[in-house]
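Values in this document were obtained by computation on a predicted structure and should not be read as measured data.
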Amino acid sequence: AYLRGLERYAATPGANLSKIASVASFFISRVDTEVDRRLDAIGSPEALALRGKAAIAQAKLAYASFTKVFSGSRWDSLAARGARVQRPLWASTSTKNPAYPDTLYVDELIGPHTVNTLPDATVEAFAHHGNLARTIDANVDAARNVWSSLPRVGVDLDDVCAQLEREGVSSFQKSFTLAKKPSDSGLVCSLRPAFSNSSSSSFWRLLRWTGVSTAVSTYMSPRLEARITDMPLPRRRKRCPGWVPAGIVTLARLPSTHG
């Protein structure tokens, strides 16, 4: 759909493809929460062995599809005119299960052209003990095996996706309704350092690797605050125009040598 949209726009007079940016969002921890619940209900040894693996597997397979879509002659012709890839965005990346590492959904999803929206606690955890390495395209065959094993043990993946879609729409609908109140008509973006010590260095390198800053959402209803690290922005703005529903994460584009 994204490529079709670019192609249609490219056919219009004066089209500037470089002005178009987009992300494709994927729930991460919510996938494990729902799939693990079903695996626990099934209760077989084979099912229980798959707990905590579905979300990472989904993301790795999505990234593999991303690399295929944004390659080849069709994409090359658009890229030659300045088109940008539609970046995979990993959402819901805090660890809900305390039995799992608190940086699980960061450590395993690092790679070029990706965005990871992190809550405060996960940002601080990664800055303290995260593992900075390119991991998103590692062990893809194992991810395929996990994904194909889930239906075999009794997990209906289509139903999982439908359930998460319903829950996601409902959640954002509630946030949108709250944000429509007159008192919520302004969004203030606080651009200040997220860290004040050297522990931020590995996290900052992660941001430079992906090429996009991760804006940390803190629910300051009716205002949504976005914290960023202290690298200078191309343009600093104290107030963002318009408004967004509470719960929508704001991203700031930063300079990067990785495109």
Side-chain angles (χ1 to χ4, degrees), residues 23-42 44-70 85-119 121-165 167-168 202-203 205-207 209-210 212 214 216 249:
V23 297
S25 299
F26 296 85
F27 286 146
I28 303 298
S29 66
R30 292 188 190 186
V31 173
D32 271 346
T33 298
E34 180 61 26
V35 171
D36 285 2
R37 182 184 68 79
R38 300 182 185 217
L39 292 172
D40 286 336
I42 295 167
S44 67
E46 295 80 6
L48 297 178
L50 292 170
R51 288 180 298 183
K53 297 181 179 180
I56 296 298
Q58 171 212 223
K60 287 181 178 288
L61 295 180
Y63 191 82
S65 295
F66 158 77
T67 59
K68 290 181 180 179
V69 169
F70 293 97
V85 298
Q86 184 181 48
R87 295 172 180 258
L89 183 149
W90 317 129
S92 182
T93 50
S94 61
T95 304
K96 305 300 190 295
N97 189 332
Y100 301 157
D102 56 1
T103 59
L104 174 64
Y105 303 126
V106 187
D107 292 340
E108 296 294 327
L109 302 179
I110 300 173
H113 304 299
T114 61
V115 182
N116 195 326
T117 56
L118 308 176
T122 308
V123 171
E124 292 168 0
F126 186 85
H128 182 260
H129 53 265
N131 178 37
L132 183 64
R134 178 169 174 162
T135 53
I136 188 60
D137 48 6
N139 303 315
V140 177
D141 288 340
R144 290 194 180 94
N145 184 58
V146 167
W147 201 248
S148 62
S149 296
L150 290 168
R152 289 200 294 267
V153 300
V155 175
D156 185 337
L157 291 175
D158 288 337
D159 189 61
V160 169
C161 293
Q163 176 68 24
L164 292 176
E165 183 178 43
E167 292 175 355
S202 62
F203 177 71
R205 285 183 293 142
L206 167 65
L207 299 188
W209 188 313
T210 61
V212 176
T214 302
V216 183
V249 176

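Using a 4.5 Å heavy-atom threshold, the side chains of Phe66 and Ile136 count as separate. No side-chain heavy atom of Lys53 sits under 4.5 Å from any side-chain heavy atom of Val35. Side chains of Arg37 and Gln163 form no contact here, defined as non-hydrogen atoms less than 4.5 Å apart. For the pair Leu39 and Leu150, the minimum side-chain heavy-atom distance is below 4.5 Å. Residues Pro101 and Thr95 have side chains not in contact (no heavy-atom distance under 4.5 Å, counting atoms from C-beta outward). Between Leu118 and Phe126, the closest side-chain pair of non-hydrogen atoms is not below 4.5 Å. Inter-residue side-chain proximity for Tyr63 and Pro112 is flagged as met; some heavy-atom pair is nearer than 4.5 Å. Side-chain contact between Thr33 and Asn97 is absent, with no heavy atoms from C-beta onward closer than 4.5 Å.
The pair Asp141-Arg144 meets the salt-bridge criterion, with a side-chain N (NZ, NE, NH1 or NH2) lying under 4.0 Å from an Asp/Glu carboxylate O. With salt bridges taken as basic N to acidic carboxylate O contacts below 4.0 Å, one links Asp40 and Arg51.
No donor-acceptor distance shorter than 3.5 angstrom exists from the side chain of Thr103 to the backbone of Val106, with no hydrogens or angles considered.
The two residues Leu164 and Arg30 come nearest to each other via the heavy atoms CD2-O, 3.7 Å. Among all heavy-atom pairs drawn from Gln86 and Phe70, the shortest one is N-CZ, 3.3 Å. In plain terms, the two heavy atoms of Asp107 and Asn131 that are nearest each other are OD1-N, 2.9 Å. For the residue pair Ala91 and Thr117, the shortest heavy atom distance occurs at CA-OG1, 3.5 Å. Ala133 approaches Ile110 most closely through the heavy-atom pair O-CB, 3.3 Å. Ile56 approaches Leu104 most closely through the heavy-atom pair CD1-O, 4.0 Å.
One distance of note links CG of Asn145 with CG of Leu50; it measures 8.5 Å at 0.5 Å rounding. Atom CG of Asp36 sits about 12.0 Å away from atom NZ of Lys96, to the nearest 0.5 Å. How far CD of Glu34 is from CZ of Phe27: 12.0 Å, rounded to the nearest 0.5 Å.
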* Are Thr114 and Leu109 close enough, and set up right, to give a side chain to side chain contact (heavy atoms under 4.5 Å, CB included), and what steps lead you there? -> CA-CA 8 Å; Thr114 61; Leu109 302 179; over 6 Å; no
* Where do Thr67 and His113 land on the side chain to side chain contact (heavy atoms under 4.5 Å, CB included) test, with the steps shown first? -> CA-CA 10 Å; Thr67 59; His113 304 299; over 6 Å; no
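Shown here is Glu165, whose CD atom has no more than 12 heavy atoms of other residues, nucleotides or ligands within 6.0 Å.
There is a side-chain donor-acceptor pair under 3.5 Å between Asp32 and Tyr105. Side chain to side chain, Thr122 and Ser94 fail the donor-acceptor criterion of an N or O pair below 3.5 Å.
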